[in-house]
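The residues of the chain are indexed from 1 along the displayed sequence.
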Amino acid sequence: MKPFSLRLFQPSEFDGPTNMAIDQALLESVASGAPGCLRFYTWKRPTLSLGYFQASAGRQDHAHSRNIDLVRRSSGGGAIVHHRELTYSLVVPQPRQQTATRTDLYEIMHGTVTDMLHSDGISAVRWASVSRPSVVPPPADGSTPPPFLCFQRRTDEDLLVAGYKVLGSAQRRSGDAVLQHGSLLLSVSPYAPELPGIAELSGARLTATEVAARWCTTLAENRHWRFQEAELPASVVDRAAIIRAQRFDEPSWTHRR
């Protein structure tokens, strides 16, 4: 894949609806011709984000996260407890007829985390490369639903440390642009105690700011991506406020399923 030149938005902290609205506003802006961008962020309060297709009632079955903030993503996948982790969003131009970029983006973002962790002596592998017994597929009628939490699910590009998922991502397209956002689990959260993070699995205690900086360095060195630090444009901030009010603050969106 040709190296990208991207705007870089350094780690910021917002609540759930604002984070999701900013991602959507950035996607719309890049689809309309703005340069691509990479944004890192954290969450003002512990928040459960539902995948687009998940039923909101499912959160009642996960007692530990039942009472924290709730937001629904525009991308698919399982629910994520955003607490002691780093979230990224990558938005790049992608002509509708171009299909290769989708899998390339997973490989690049997850592969550079593998390289970054390897430099700390931490072994991280893609789920697709893990030797495992044959898995019997679920019944075609869907009577066996996937786990509620994203980090208890597995897809080929998911990144595992000591057998536990620490990085997962999802995508959404709009016109001629694609948004990929994902979560890197730094340490265990009391709102999801069944999910150990990098700290518990390796002993390495990494901060969100440190990881964001090293991730960019690895992308620049290993993939030759170029970054220009920037502030969120006023037009994106204004559009995000509208999107938040019309979508992510609305119960009809959050509980649409």
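By the 4.5 Å heavy-atom criterion applied to side chains, F151 and E194 are not counted as neighbours. For the pair S89/Y41, a side-chain contact is recorded, criterion being any heavy-atom separation below 4.5 Å from C-beta on. Side chains of T87 and F40 form no contact here, defined as non-hydrogen atoms less than 4.5 Å apart. Counting heavy atoms from C-beta on, the side chains of R244 and D15 come closer than 4.5 Å. Between V91 and V178 there is no side-chain heavy-atom pair separated by less than 4.5 Å. Taking the side chain as every heavy atom from C-beta outward, W127 and T155 never approach each other to under 4.5 Å. Within the 4.5 Å cutoff, no side-chain heavy atoms of H110 are placed close to those of R126. Inter-residue side-chain proximity for T114 and V125 is flagged as unmet; no heavy-atom pair is nearer than 4.5 Å.
Between D115 and R214, no side-chain nitrogen of the basic residue sits less than 4.0 Å from a carboxylate oxygen of the acidic one, so the salt-bridge criterion is not met. Between D69 and R45, at least one side-chain nitrogen of the basic residue sits less than 4.0 Å from a carboxylate oxygen of the acidic one, meeting the salt-bridge criterion. Classification of D23 and R39 as a salt-bridged pair holds, one side-chain N sitting under 4.0 Å from a carboxylate O. For the pair E200 and R84, the salt-bridge criterion is not met [side-chain N within less than 4.0 Å of a carboxylate O].
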>> Evaluate H83 against S189 for side chain to side chain donor-acceptor pair (under 3.5 Å), listing each step before the verdict.
In response: CA-CA 6 Å; H83 185 204; S189 167; 2.8 Å; yes

>> salt bridge (charged side-chain N to carboxylate O under 4.0 Å, His left out), that's the test. Do E107 and R223 meet it? Break it down for me.
In response: CA-CA 11 Å; E107 190 279 325; R223 299 291 182 165; 2.8 Å; yes

>> Could you walk me through whether C216 and L38 satisfy the side chain to side chain contact (heavy atoms under 4.5 Å, CB included) test, starting with their C-alpha distance in whole Å, then the side-chain angles of each, then the deciding distance to 0.1 Å, before giving a yes or no?
In response: CA-CA 9 Å; C216 288; L38 176 61; 4.2 Å; yes

> Between D238 and I242, does a side chain to side chain contact (heavy atoms under 4.5 Å, CB included) hold up when you go through it step by step?
Replying inline: CA-CA 7 Å; D238 292 344; I242 295 171; 5.8 Å; no

> So H181 and S169, side chain to side chain contact (heavy atoms under 4.5 Å, CB included) or not? Walk me through it.
Replying inline: CA-CA 6 Å; H181 52 191; S169 300; over 6 Å; no

>> Show, in sequence, the C-alpha distance, side-chain angles and deciding distance for I68 and V81, and conclude whether the side chain to side chain contact (heavy atoms under 4.5 Å, CB included) test is met.
In response: CA-CA 9 Å; I68 63 177; V81 174; 4.3 Å; yes

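Taking every heavy atom of both residues into account, L86 and A212 meet most closely at CD2-N, 3.9 Å. The shortest heavy-atom contact between V236 and A25 is O-CB, 3.7 Å. When all heavy atoms of G77 and R153 are compared, the closest pair comes out as C-NH1, 3.6 Å. F9 and E231 make their closest contact through CE2-O, 3.4 Å (heavy atoms, listed as atom of the first residue, atom of the second, distance). Contact between F53 and G76 at its shortest, heavy atoms only, is CD1-CA, 4.4 Å. Scanning all heavy atoms of the two residues, the minimum distance from D158 to L160 falls at O-CD1, 3.8 Å.
How far OG of S29 is from CG of L232: 9.5 Å, rounded to the nearest 0.5 Å. Annotation: the span from Q24 atom CD to R239 atom CZ amounts to 7.5 Å, rounded to 0.5 Å. Here CG of L206 is found 12.0 Å from CH2 of W215. Values are rounded to the nearest 0.5 Å. Atom NE2 in H224 sits 14.5 Å away from atom OG in S5 (nearest 0.5 Å). To the nearest 0.5 Å, atoms CD1 (I243) and CG (D249) are separated by 12.0 Å. Here C150 contributes atom SG and L48 contributes atom CG; the two are 11.0 Å apart, rounded to the nearest 0.5 Å.
Side chain to side chain, R247 and S74 meet the donor-acceptor criterion of an N or O pair below 3.5 Å. Counted by atom type alone, H118 and S123 present zero donor-acceptor pairs between their side chains at under 3.5 Å. Between the side chains of S49 and R73, at least one donor N or O lies within less than 3.5 Å of an accepting N or O.
Distance alone, capped at 3.5 Å, is enough to place a donor-acceptor pair between the T112 side chain and the I108 backbone. The closest donor-acceptor contact from the side chain of T254 to the backbone of P251 lies at 3.5 Å or more, if one exists at all. The main-chain N or O of F148 is found under 3.5 Å from a side-chain atom of Q54 such that the two form a donor-acceptor pair. In terms of modelled atom types and a separation under 3.5 Å, the side chain of R59 and the main chain of L50 share no donor-acceptor contact. Between the R7 side chain and the F227 main chain, no donor and acceptor come within less than 3.5 Å of each other.
Using bins of under 30°, 30° to 60° and over 60° for the plane-to-plane angle, the ring pair H82/W43 lands in the parallel bin. Ring orientation note: the planes of F248 and W253 are nearly perpendicular, at an angle over 60° on the 30°/60° scale.
Hydrophobic clustering (ILVMFWY, side-chain heavy atoms < 4.5 Å, transitive): L179 and V92 are in distinct clusters. In this structure, L167 is a member of the same hydrophobic cluster as L219, with clusters built from ILVMFWY side-chain heavy atoms closer than 4.5 Å. Residues V211 and V161 are members of one and the same hydrophobic cluster, defined by side-chain heavy-atom contacts under 4.5 angstrom among Ile, Leu, Val, Met, Phe, Trp and Tyr. L195 and Y191 fall within a single hydrophobic cluster, where Ile, Leu, Val, Met, Phe, Trp and Tyr are joined by side-chain heavy atoms under 4.5 Å apart, directly or via other members. Taking hydrophobic clusters as Ile, Leu, Val, Met, Phe, Trp and Tyr residues chained together by side-chain heavy-atom distances below 4.5 Å, L90 shares a cluster with L184.
For Q228, the CD atom sits in a loose shell: 12 or fewer heavy atoms of surrounding residues, nucleotides or ligands are nearer than 6.0 Å. Atom OH of Y164 sits in a sparse spot, with 12 or fewer heavy atoms from other residues, nucleotides or ligands closer than 6.0 Å.
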